[in-house]
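Working notes for the structure below.
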Amino acid sequence: MKRVEFFFDFSSPFAYLASTQIEDLAARKGASLVYRPFLLGALFKAIGTPNVPLFAMPEPKQRLVRADLHRWADHWGVPFRFASRFPMNTVKPLRMVLAAPEDHVAVLVNAVYRAYWALDRDISADDVLADVAASVGLDGAALVASTADERMKKRLKDVTEQAERIGVCGAPSFLVGDLLFWGQDRLLFVEKALDGWRPKES
């Protein structure tokens, strides 16, 4: 079966935008969707990227990047507001995704993204995370407690190391077979790859 792996961190607004589209895209192409939560800050440190690339940009570029976020949200028809708490510590919600039952991963990811990038909630706070998890039918308190589990800590570290190993440089990133794509504006390429497209330079 065709498969697309979605590498993401809740700290990325562009990954939020991608999350609103990738599920339908995969379903439309008859592909399975595998969520790969990883720690973007740890990856940036490993590959020598500023911890918050947006803040390292000159002011005119920052303005255009922020404008693009709103333009893409309008294009996709999804809610978006730039978070008042940015950057955000996302270790706990990422570990929660890894601990969640497989059949609830997608709805949990969507709910956490919505809480942060549409409702401007503090997704580093235990009570917020428990509430978000409960809103999609999960045991919020148990999931929050699982974030201290050594197994979840190791799983997040492992996925982050996998992301570095395959060449991920930011979020969102998508892996289709051996083709890696970076950016929510590359979803067209993801769709083409699921249809069997092989770019000539590969």
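The first residue of the sequence shown is numbered 1, and numbering continues consecutively from there.
Using a 4.5 Å cut-off on side-chain heavy atoms (C-beta onward), L39 and L43 make no contact. In this structure the side chain of N51 never reaches within 4.5 angstrom of the side chain of K45, judged on heavy atoms. Counting heavy atoms from C-beta on, the side chains of R165 and Q162 come closer than 4.5 Å. The shortest side-chain heavy-atom distance between I47 and E164 falls under the 4.5 Å cut-off. Considering only heavy atoms from C-beta on, F174 comes within 4.5 Å of L187 through its side chain. In this structure, F14 and L69 have side chains that are in contact, with non-hydrogen atoms separated by less than 4.5 Å. Side-chain contact between I166 and L180: present, with at least one pair of heavy atoms (C-beta onward) separated by less than 4.5 Å. Residues R198 and L179 are in side-chain contact: their nearest non-hydrogen atoms beyond the backbone lie under 4.5 Å apart.
Note on F38 and V34: separate hydrophobic clusters, where clusters join Ile, Leu, Val, Met, Phe, Trp and Tyr whose side-chain heavy atoms are under 4.5 Å apart, directly or indirectly. By the criterion of side-chain heavy atoms lying less than 4.5 angstrom apart, applied directly or through intervening Ile, Leu, Val, Met, Phe, Trp or Tyr residues, F55 is grouped together with M57 in one hydrophobic cluster.
Taking the six-membered ring for Trp, F82 and W117 have ring centres closer than 6.0 Å. Ring centers of F10 and F8: under 6.0 Å apart, within the cut-off. A centroid separation of 6.0 Å or more is found between the aromatic rings of F6 and F181.
Checked by atom type and distance alone, the side chain of D120 never pairs as donor or acceptor with a backbone atom of A83 at under 3.5 Å. Side-chain atoms of D74 never come within 3.5 Å of backbone atoms of H70 as a donor-acceptor pair (strictly under, hydrogens ignored).
Remark: R71 engages D68 in a salt bridge, criterion side-chain N to carboxylate O under 4.0 Å. In summary, D158 and K154 engage in a salt bridge, as defined by a charged side-chain N under 4.0 Å from a carboxylate O. Using a 4.0 Å cut-off between charged nitrogen and carboxylate oxygen, R3 and E5 count as a salt-bridge pair.
Ring pair Y113/Y16 is tilted by interplanar angle, where 30° to 60° counts as tilted.
Taking every heavy atom of both residues into account, S19 and N110 meet most closely at O-OD1, 3.8 Å. Of all non-hydrogen atoms in M96 and L143, the two that sit nearest each other are CG-O, 3.6 Å. Nearest heavy atoms, L17 versus T20: O-OG1, 2.6 Å. Scanning all heavy atoms of the two residues, the minimum distance from S12 to A171 falls at OG-O, 3.0 Å. In this structure, P172 and Q184 approach most closely via the heavy-atom pair CG-N, 3.5 Å. Shown here for E23 and A106, the closest heavy-atom pair between the two residues is OE2-CB, 3.8 Å.
Applying the salt bridge (charged side-chain N to carboxylate O under 4.0 Å, His left out) test to every pair with at least one member in residues 86-105, sequence neighbours left out, gives these pairs: K92-D126.
Other residues, nucleotides and ligands contribute more than 12 heavy atoms inside 6.0 Å of the CZ atom of F44.
W197 and E191 share no donor-acceptor pair across their side chains, judged by distance under 3.5 Å alone.
Each of L108, V159, V109 was evaluated against Y35; a single residue qualifies, V109, per the side chain to side chain contact (heavy atoms under 4.5 Å, CB included) test. Among R81, M88, R121, the one residue that satisfies the side chain to side chain contact (heavy atoms under 4.5 Å, CB included) test with Y116 is M88.
For the atom pair T147 OG1 and K153 NZ, the distance stands at 8.5 Å (nearest 0.5 Å). Here the straight-line distance linking atom OG of S84 with atom CG of D122 works out to 8.5 Å at 0.5 Å rounding. Distance check: D9 CG to S173 OG gives 11.5 Å after rounding to the nearest 0.5 Å. Separation of atoms CE (M152) and CG (L98) is listed at 6.5 Å; rounding is to 0.5 Å. Considering CH2 of W182 and SG of C169, their distance stands at 4.5 Å, rounded to 0.5 Å. Taken from CD1 in I123 to CZ in R85, the straight-line distance is 10.0 Å, to the nearest 0.5 Å.
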Q.
Walk me through whether F86 and V52 qualify under side-chain contact (heavy atoms from CB on, under 4.5 Å).
A. CA-CA 9 Å; F86 181 81; V52 186; 3.7 Å; yes
